[in-house]
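Taking it in order: structure first as structure tokens, then the write-up.
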Amino acid sequence: MGFRPHPERRPVLVAGASSGIGAATAEHLAAAGHPVALAARRVEKLQELADKIIAAGGEAVAVPLDVTDEQSVVDCVAKAEAALGELEIVVAGAGDLAVGLSYETSPEHFADQVNIHLTGAYRIYRAVIGGMIDRARGDFVFIGSDVVLHPRPWSSAYVAAKSGIDGLVATIQLELEGTGVRAGVVRPGQTLTGMGMNLDQKTTEDMLNDWIKHGLARHGNFLEPQHIALAVAAMVTMPRGAHMRAVEVEAEGAVSRDRATTPEDPTVDEGQGDPSMTATTASGLKKPHRVSGGESEHGHLDELASDPISLFWRVREECGDVGMFQLADREVVLVSGAAANEEFFRAPEEDLDQAAAYPFMTPVFGEGVVFDASPEERSKAIHNSALKGAHMKQHAVTIPNEVERIIAEWGDEGEIDLLDFFSELTLYTSSSCLIGRKFRERLSGHIAHLFHDLEKGTDPIAYVDYKADIESFRKRDEARAELVEFIQGVMDERVANPTEDKDDRDLMDVLVQVGFDANTITGMFISMMFAGHHTTSGTAAWTLIELLRNPDYMSRVYDELDEIYGDTPTGERPEYTFAHPRQMPRLENALKEALRLHPPLIILMRVVQKDFHVEDYEISAGQSIAVSPAISNHLPEDFPDADTFDPDRYDKPRQEDLVNRWTWIPFGAGRHRCVGAQFAIMQLKAIFSVLFQNYEFEMLQPSESYRNDHSKMVVQLQQPCRVAYRKRQDR
């Protein structure tokens with residue numbers, strides 16, 4: 001028997017149409033001439049989309065739907081058919097993603113995911129399938145997921161539910177054969193929707209890093225909801241007699257620059273920048289091309305010391321994603337762009353060695369500490385228990401106390417140098433949290449100055465000779481020697497007056513008891529606080545500068561904090577808790593944007609241990625390879641208006657830090673992402689909570705005069721960098 005063609009009018013019900021794939025599918029089918037019933041819980045969102053479809057000449061109706069409630073499903077179908085006629089097409093895609101490790105997910109939460117994604121879809125199927133069978137036609141499309149074929153950690157309940165969808169569809173297809181009704185499943189890969197975007201940043205990072213570890217994040221590209229809409233449309237518009245049973249849609253990997261650019265492309269420079277002029281290796285891969293300049297004895301070293309960011313941009317402009325510059329006898333291959341960065345960050349230590357790239361840091365940290373240690377020793381060192389959950393809750397109280405202590409002497413108004421102030425403050429907050437209260441009490445502004453001298457002892461000449469007889473290296477060595485002497489004095493006191501109560505012991509007590517000497521303990525403490533002192537102080541300063549440059553957004557941050565602490569009686573101290581920093585999206589976005597625009601480290605480097613491939617290039621063992629946050633964070637293809645301070649870029653739906661996880665890299669990425677990132681953000685939120693609850697600020701010099709000093713490998717804010725403060729009158 002032949003098949004009658006589809007009727008001219010084919011009403012559609014889309015479950016989950018308030019956003020993402022559902023909304024895109026409804027809009028696409030409406031544009032193709034289908035009357036569409038939009039179903040979801042958020043009726044106001046549905047109505048907005050219905051109005052948009054109607055304004056474009058389509059036919060749409062908004063219908064409330066809760067897939068976990070059977071009566072709601074029945075009522076939804078009845079209202080949709082009353083408004084549009086009998087349903088010819090149904091798309092079941094309602095749901096959200098709740099993540100968690102399987103051994104930490106409660107049975108109730110697990111059951112909720114199954115109820116929404118699997119049982120909810122079945123309720124809709126059950127409500128409409130009888131009418132479709134009676135008419136001997138109809139299409140029912142289930143939105144599944146590629147996790148059925150590629151299960152991902154942190155989503156066991158979601159994987160189980162979507163696997164159930166695949167099993168359900170396979171059974172349904174057998175049962176419906178010969179009825180004239182078609183059922184199919186569309187399995188999207190990673191798609192940029194609102195689903196799962198309510199996760200906090202730490203959970204998202206841990207989840208993505210696990211995906212990377214297991215090879216489940218091959219590249220940073222995402223599908224758009226419209227791509228899935230096209231797959232659904234292809235399935236339901238197949239002519240009668242053909243049955244598209246399943247479609248899997250994955251994001252395509254990025255096309256490398258040399259493949260994307262043809263020889264006729266006028267943007268390709270002749271000679272140095274022309275990929276066709278690039279030499280090849282014995283394996284047939286290309287050798288990275290050397291950027292122009294650098295004819296002196298030490299290659300591009302002088303330019304690295306004077307204007308490194310311009311050098312890095314020139315590498316990208318002349319050579320593309322993979323290019324090379326020269327530091328004395330060291331060839332450094334700079335990679336940029338999402339695909340190349342991903343290769344860099346995903347590489348294991350056995351391929352790309354971090355320690356070998358920074359031998360000149362040994363005078364700062366000391367022998368056997370951090371960059372002078374083995375990979376195994378460094379791995380153990382970074383898992384500081386002070387960065388774990390229980391301690392973090394206490395830090396959220398400790399940090400505001402330190403801020404209040406340092407501003408207690410400010411008075412009603414005055415001036416500060418941002419570099420000096422935030423360097424001293426973050427030394428106190430970091431030491432109090434990471435080492436202990438007793439140790440913090442021994443610190444002073446002079447110790448902060450010694451740390452500053454250590455940071456200034458990272459002159460690029462270290463790539464040639466990190467023991468060179470220059471002033472910055474002499475001050476570096478003198479500062480470290482004085483810190484060792486200071487630590488020895490603290491140790492002598494602890495030995496003479498041991499702490500009896502275990503609850504009063506801090507990390508210093510433990511290390512003294514174990515038997516470490518002053519040199520080793522100094523190195524440990526420098527390694528623990530170096531990044532926090534430098535990264536946090538610089539980001540705090542730049543956040544305040546950017547907010548002062550953008551007073552409208554600064555007002556929004558003040559309003560956000562006032563909303564949180566607004567119930568505090570006048571003249572009294574607000575109560576600062578661990579929960580409060582989680583309620584500051586505007587401030588967090590400002591911090592993220594300051595980090596993007598002014599990354600504390602402008603280059604991250606490794607030494608290649610064995611021949612390494614990036615895109616179509618081979619980087620030889622012994623060469624160095626690097627990425628630059630200063631370049632990646634400013635790529636216009638990933639960050640529109642990249643030089644503009646725009647904290648809203650981190651809100652839904654843009655979420656440019658999550659979408660561009662290989663190019664938004666102020667904290668690094670992948671297996672070498674900074675383990676203290678969460679602590680740093682929490683610390684900065686706590687600092688500004690206190691400062692903005694008590695004071696207002698203004699710039700004391702032209703806006704453009706605030707800039708970084710890039711003459712050192714550890715970037716510092718260039719002095720002077722002064723601002724004025726004034727006590728808030730409404731407090």
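Model, not experiment: these values are computed from the prediction.
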Checking [X] now: which residues fulfil side chain to side chain donor-acceptor pair (under 3.5 Å) with it, not counting sequence neighbours?
X: R649; answer: E593, E656
X: Q71; answer: D75
X: T577; answer: H580
X: S145; answer: none

For the CE atom of M554 and the CG atom of D552, what is their distance to the nearest 0.5 Å? 12.0 Å
Rounded to the nearest 0.5 angstrom, the CG-CD1 distance for L223 and I228 is 5.0 Å
For salt bridge (charged side-chain N to carboxylate O under 4.0 Å, His left out), just list the numbers for K592 and E588, CA-CA rounded to whole Å, side-chain angles, deciding distance to a tenth of an Å, and then say yes or no. CA-CA 6 Å; K592 289 180 178 179; E588 180 168 334; 3.6 Å; yes
Check whether [X] reaches the backbone of [Y] with its side chain - one donor and one acceptor, N or O, closer than 3.5 Å.
X: R596; Y: P647; value: no
X: S72; Y: E70; value: no
X: Q173; Y: A183; value: yes
X: E88; Y: R137; value: no
X: Q113; Y: A161; value: no
X: H117; Y: K162; value: no
X: R182; Y: A242; value: yes
X: D638; Y: N660; value: no
X: Y576; Y: P581; value: no
X: N633; Y: I665; value: yes

To check you understand the geometry: which heavy-atom pair defines the closest contact between [X] and [Y], and what is its length?
X: A37; Y: V63; answer: CB-CG2, 4.5 Å
X: L149; Y: R187; answer: CD1-NH1, 4.3 Å
X: W662; Y: N341; answer: O-ND2, 2.9 Å
X: Y650; Y: Q655; answer: O-CG, 3.6 Å
X: A160; Y: F110; answer: CB-CZ, 3.7 Å
X: V614; Y: V322; answer: CG1-CG2, 3.9 Å

Show your reasoning for whether side chain to side chain contact (heavy atoms under 4.5 Å, CB included) applies to I116 and T68. CA-CA 6 Å; I116 293 170; T68 66; 3.8 Å; yes
Test of understanding: with salt bridge (Lys or Arg N to Asp or Glu O under 4.0 Å), list the residues that count as partners of [X], not counting sequence neighbours.
X: E86; answer: R135
X: D351; answer: K610
X: D646; answer: R654

Heavy atoms, side chains only, cut-off 4.5 Å: are [X] and [Y] in contact?
X: E546; Y: L597; answer: yes
X: R9; Y: P35; answer: yes
X: L591; Y: K685; answer: yes
X: I564; Y: S689; answer: no
X: M584; Y: E560; answer: yes
X: L587; Y: L684; answer: no
X: L65; Y: V73; answer: yes
X: T663; Y: E637; answer: no

If you look only at distance, which donor and acceptor atoms sit under 3.5 Å apart when one is on a side chain in residues 230-241 and the other is two or more places apart or in another chain?
| from | atom 1 | to | atom 2 | distance (Å) |
| --- | --- | --- | --- | --- |
| T237 | OG1 | A233 | O | 2.5 |
| R240 | NH1 | R4 | O | 3.3 |
| R240 | NH2 | A136 | O | 3.2 |

Show your working on side chain to side chain contact (heavy atoms under 4.5 Å, CB included) between R556 and D648 and close with a plain yes or no. CA-CA 11 Å; R556 292 169 61 188; D648 292 333; 3.3 Å; yes
Residues that [X] engages under side-chain contact (heavy atoms from CB on, under 4.5 Å), provided they are two or more places apart:
X: P64; result: V43, K79
X: T119; result: V114, N115, R123
X: D146; result: H150, R152, E248, E250

As a quick check of understanding, evaluate side chain to side chain contact (heavy atoms under 4.5 Å, CB included) for I21 and V91, giving each step before the final call. CA-CA 10 Å; I21 292 171; V91 181; over 6 Å; no
Where do E563 and R586 land on the salt bridge (charged side-chain N to carboxylate O under 4.0 Å, His left out) test, with the steps shown first? CA-CA 12 Å; E563 181 70 23; R586 292 174 185 167; over 6 Å; no
Go through R10 and D139 one step at a time and tell me if the side chain to side chain contact (heavy atoms under 4.5 Å, CB included) criterion holds. CA-CA 10 Å; R10 300 183 72 200; D139 280 287; 2.8 Å; yes
Could you tell me which residues satisfy ring pair (Phe, Tyr, Trp, His ring centres under 6.0 Å) with F140, sequence neighbours excluded, listed by chain and number? Y125, F142
